[in-house]
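One structure is given below, encoded as structure tokens.
Below, each value reflects all heavy atoms present in this structure, side chains not excepted, and no hydrogens, waters or symmetry copies. In what follows, chains are A, B, ... by sequence order, proteins preceding strands, each numbered from 1.
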Amino acid sequence: MDCEPSSSNTITDIDCISNPETEPNEREAPMSAGAMKLKSWLNKPLRVEMSDKRILVGMFLCTDRDANIILGSCSEYLPDGENASNEEPRMLGLIMVPGKHIVNISIDLWERFVKSDEDIQ
Amino acid sequence: MEYMEPYNGASCCTPKTQYYWVDITKDFLTSVNDLKLGELLHDSLFGLFEAMSAIEMMDPKMDAGMLCNRGNKKAKTFDQSIEDGSLKLKDISNADLIGIIDTTFACLVSWLEGHSLAQTVFTNLYLHKPYLIEDRALKAFCLSIYKLLEIIKEYIHKAMVCEEEDFQSMQYGYHLYPDISEQRAIGMLQEVEEDLHKRTRAKHNEVQSSIEVEEIVALYSRIKFVRALYQILSIFRQRKDDVQSSSNDVNKLLNQKLKIASDMLFVMNKTVCLGSYSSSSDLSPALGFEPLINQRLLPPTFPRYTKIKPRSEALGYFVNMVERLKGLINVQSIVAYNQALDFFIEFSKESPCILSRSALQLLYVGSYSIIMNAGSPTFKDILKEAAKLFISPPALVSKSILYNQQAKTYVESFFTHCTRPFSNFLQLCGHNRARQRDKLAHLLDEFTALQDEAERVDLHIHNIFMTCNLSRSHLACFGTWILYHTLRIMIMYLLSGFELELYSAHEYYYIYWYMYEFLYGWLVSALTRADSFLAEQELYNELPKYKGSNKKKNKCKKKPRPYLKESLYYQALQNMCGGYYKALMGFRMDGKLQMPHPQFDSEQVRYDHRFGPFQNLLTPPPVHYREFRELTSPERYQQQPVDSSYLYLSGCKHFHQARQLLEGISPAEKEVTDLLKISKTNFVVLKLLAGGHKKDSTKCPEFDFTLSKHFPIFKLS
């Protein structure tokens, strides 16, 4: 992988580890809006479609500027349709999808969906 | 769009069944741009270290799923292939049948060579649903392949001599049909055979095209071979359970089946060209094979594509297998441990296939594997017999001591402790050659402990003799027996390094030196001591029978000493090692041998590593590097200036002596004649060198290991 952090970033990482409760705006280097948003998606199920139409579903663990994504406990689904739709997903475990091969990304908001459903009721 | 608050959800661990996907592609890709170059965005618990072990998707070397999509042809399952008509269940042409059968054999061999079942045998779609096949020959064949897989697996599992590189036992969820009985499988094959036989006759009458007859004969031979192979394995399996019962009849049957198998293989080899190949692509070698069908069953990190052996090579593999199985018929008549050990070592020298290796393990001493057998009283008795035969310890043969309770306890517990190491020794010979070296080193530790006990038992029994006023010595009796095996293990360990090409040429000299100065010398003296014990025992046996039969006495005297041949052989090897050592020293002195720079490569480290497993031994005591330097320094030859030609000349003498010793061995086996040839050639080469031939050349002589894996021929170039 080509996403080795530079030393300055490592320091912010350590900050983050030592005090995870810190509010972002209290930090020396405030996080960018994009980073905040990405951070909020961490540890949520992500569904990534690759350029060869395979779909990967796994826990969003890590990303970088080139949108290389690391997914944990990932399952691989073959493209829908054709004759493979009935096939079982394949467990891959920890994987990295290069950003250049990503076609589509979706996040699972099932809990939110259920919650709003309950609110309506 | 609104997003949820971040949470540290433990619920993430369990896979959910319901999702509510929201597209964030654009959002994500723009957010990512806010990150700095090289910045990783991750949770506190996730770091670069974890990231390193991720499998990279869309990398052809890592992504197993990718190959599925490669090329335009998709792997079709059995049902799909039936539906679109690419897979036929009946009216399969003979050429296709031969192709399918031969490719299945090739897959079977690839499996036995360590590939996964899913990527070899089960790429054959017909095997996925064999009961649906309507062609009788193919159905019978497919079902018997299942039976073969089952029985082979049983052999390998029970023998426990396979390592992960030899054999993969994973079944990937394939169920090896046990629901068809052995008789039924054999019966089906037999019916098909008869049917085919009839058809050849009918064809002959109708004067059909010769190709067709040939095809039917080819098919017939294949079906018959499968049946023979299956029956051989099944007879072997049954035979090991009942050792005594009608073993002659069984052997006859086995011989007959093995002969059929090799005859059929001969026909198959000639007709291998008749089988059809699928023309559509190189990846699918015959009708009904889908190399990528199981790709998704494999773990994410896995060798992506298994190369199936070519058909004719696979048949060659079977030919060798059948030949080795033939050799196994006799192993059951062997009971004596030393004979068995020699057989095992000899058998292993040709690097036999996993199946024949496993079969050998299961056949000795009947029933289960040797290891399982180790605790049984039979094995203990076998060892006692072996010790008796080797050195006839008074403790085991002398009547006066047999009734001594204390002595008996010592001896019994000693032999109980012997069973495990000795059975390990046999089992070790079943492993592949590379693993054997590893295991020999461990075995030495076990024998070290035995050595200690043997010496104590010897001393105890000797003391009992003394108190009973018996004028016999028991010192170093069991000790010699254990020492003999220890030395053999040590020599095997050192020699295996040559076979496995572990040593570099500049290391050869101390390996040969060690064997020349110590190991073979000790071995010969152990044999001499054993011989004198035996002679003493014979004398004792004769004394009371003095008046008795004179015939017997004469017989004993005529008999040559039992260790004569073995002792000659080891002395010859000792001399050869001496020759190599001297010659290599000469090469060093002449600068013919390139030595590593001492700054980067310490000889002591190498030396200590090569003889590392010997460090804990009591007898023979390990020789340390310092001692080695002292013993081999040229200053020791003070009476004479040592130059290379002196060394060559004395090496020459060693090879000459080795030759004379080897010539004394009769009957001369192939190994002995090979060693003779090596000794003669090296003698000539060293003589030339001693005469100053190519003295100034710094080119290293070549070491040619083609005749023997352990003793090279020098070649001057």
Side-chain angles (χ1 to χ4, degrees), chain A residues 1 3-6 9 13 16-17 20 32-35 37-45 47 50-54 56-57 59 61-67 70 73 75-76 78 82-83 87 90-99 101-113, chain B residues 2-9 11-13 15-16 18-48 50-59 63-66 68-69 74 76-77 80 296-301:
Chain A
M1 271 180 40
C3 35
E4 186 109 16
S6 67
N9 289 324
D13 286 345
C16 179
I17 291 164
S32 58
K37 200 178 263 178
L38 289 170
K39 196 125 194 155
S40 73
W41 288 327
L42 278 178
N43 296 320
K44 292 216 172 53
R47 178 179 179 276
M50 290 197 295
S51 50
D52 72 344
K53 301 234 172 67
R54 273 181 296 161
L56 304 165
V57 175
M59 210 57 63
L61 293 178
C62 183
T63 191
D64 66 0
R65 201 163 88 145
D66 301 320
I70 296 184
S73 334
S75 311
E76 174 201 78
L78 288 189
E82 292 173 49
N83 39 32
E87 257 194 278
R90 195 163 72 106
M91 284 303 298
L92 294 182
L94 189 67
I95 57 116
M96 194 276 284
V97 202
H101 287 298
I102 294 175
V103 175
N104 184 289
I105 308 167
S106 334
I107 193 156
D108 174 41
L109 291 181
W110 172 252
E111 299 199 6
R112 157 109 189 151
F113 173 68
Chain B
E2 235 189 303
Y3 302 107
M4 284 167 49
E5 293 297 310
Y7 71 105
N8 287 324
S11 62
C12 305
C13 304
K16 294 202 294 183
Q18 276 176 307
Y19 295 102
Y20 181 67
W21 295 118
V22 177
D23 192 331
I24 50 164
T25 316
K26 239 178 156 182
D27 240 2
F28 194 97
L29 294 179
T30 44
S31 307
V32 154
N33 282 328
D34 287 352
L35 297 174
K36 289 185 216 84
L37 180 66
E39 180 182 355
L40 281 184
L41 184 117
H42 56 78
D43 202 10
S44 56
L45 295 171
F46 189 84
L48 189 64
E50 283 83 7
M52 290 304 290
S53 58
I55 294 164
E56 187 171 337
M57 300 306 285
M58 301 304 287
D59 175 346
D63 185 359
M66 228 176 119
C68 283
N69 306 331
K74 264 193 76 69
K76 282 184 287 193
T77 64
Q80 287 161 0
R296 290 178 64 81
L297 290 178
L298 306 175
T301 49

> If you measure from CZ on A:Arg65 to CG on B:Leu41, what distance do you get to the nearest 0.5 Å?
Replying inline: 14.0 Å
> Listed by chain and number, what are the side-chain hydrogen bond (donor to acceptor under 3.5 Å, both in side chains) partners of A:Ser32, not counting sequence neighbours?
Replying inline: none
> Measuring from B:Met57:CE to A:Arg54:CZ, what's the distance to the nearest 0.5 Å?
Replying inline: 4.5 Å
>> Among A:Ala33, A:Gly99, A:Cys62, which residue has the highest count of heavy-atom pairs closer than 4.5 Å to chain B?
In response: A:Cys62
> Is there a side-chain contact between A:Leu61 and B:Asp43, using heavy atoms and a 4.5 Å cut-off?
Replying inline: no
>> Treating A:Asp108 as the side-chain partner and B:Tyr20 as the backbone partner, does any N or O pair qualify as donor plus acceptor under 3.5 Å?
In response: yes
> Is it the side chain or the backbone of A:Leu56 that comes within 4.5 Å of chain B heavy atoms, both, or neither?
Replying inline: side chain
>> With rounding to the nearest 0.5 angstrom, report the CZ to CG distance, B:Phe46 to A:Asn43.
In response: 10.0 Å
>> Is B:Leu29 close to chain A through its backbone or its side chain, or both, or neither, when contacts mean heavy atoms under 4.5 Å?
In response: side chain
> Which bit of B:Phe28 is near chain A, if near means a heavy-atom gap under 4.5 Å: side chain, backbone, both or neither?
Replying inline: both
>> Using a 4.5 angstrom heavy-atom cutoff, name the option from A:Leu94, A:Ile102, A:Val97 with the most pairs to chain B.
In response: A:Leu94
> Does the side chain of B:Trp21 come within less than 4.5 Å of A:Pro45's, by heavy atoms?
Replying inline: yes
>> Checking B:Val32 against A:Leu38 for the side-chain contact (heavy atoms from CB on, under 4.5 Å) test, could you report, in this order, the C-alpha distance in whole Å, the side-chain angles of both residues, the deciding distance, and whether it holds?
In response: CA-CA 8 Å; B:Val32 154; A:Leu38 289 170; 4.1 Å; yes
> Does the pair A:Met96 and B:Ile55 meet the rule for a side-chain contact (heavy atoms from CB on, under 4.5 Å), with working shown?
Replying inline: CA-CA 6 Å; A:Met96 194 276 284; B:Ile55 294 164; over 6 Å; no
> Under the 3.5 angstrom rule, does the side chain of B:Thr25 hit a backbone N or O of A:Ile105 as a donor-acceptor pair?
Replying inline: yes
>> Nearest 0.5 angstrom please: B:Ile24 CD1 to A:Ile107 CD1, how far?
In response: 4.5 Å
>> Need one label for A:Ser75: side chain, backbone, both or neither, based on atoms under 4.5 Å from any heavy atom in chain B.
In response: neither
>> To the nearest 0.5 Å, what is the distance between NZ on A:Lys39 and NE2 on B:His42?
In response: 7.5 Å
> How long is the gap from CD on B:Glu56 to CD1 on A:Ile70, to the nearest 0.5 Å?
Replying inline: 10.0 Å
> What is the minimum heavy-atom distance between A:Asp64 and B:Leu35, and which atoms define it?
Replying inline: C-CD1, 3.6 Å
> So which part of A:Val57 gets closer than 4.5 Å to some heavy atom of chain B, the side chain, the backbone, both or neither?
Replying inline: side chain
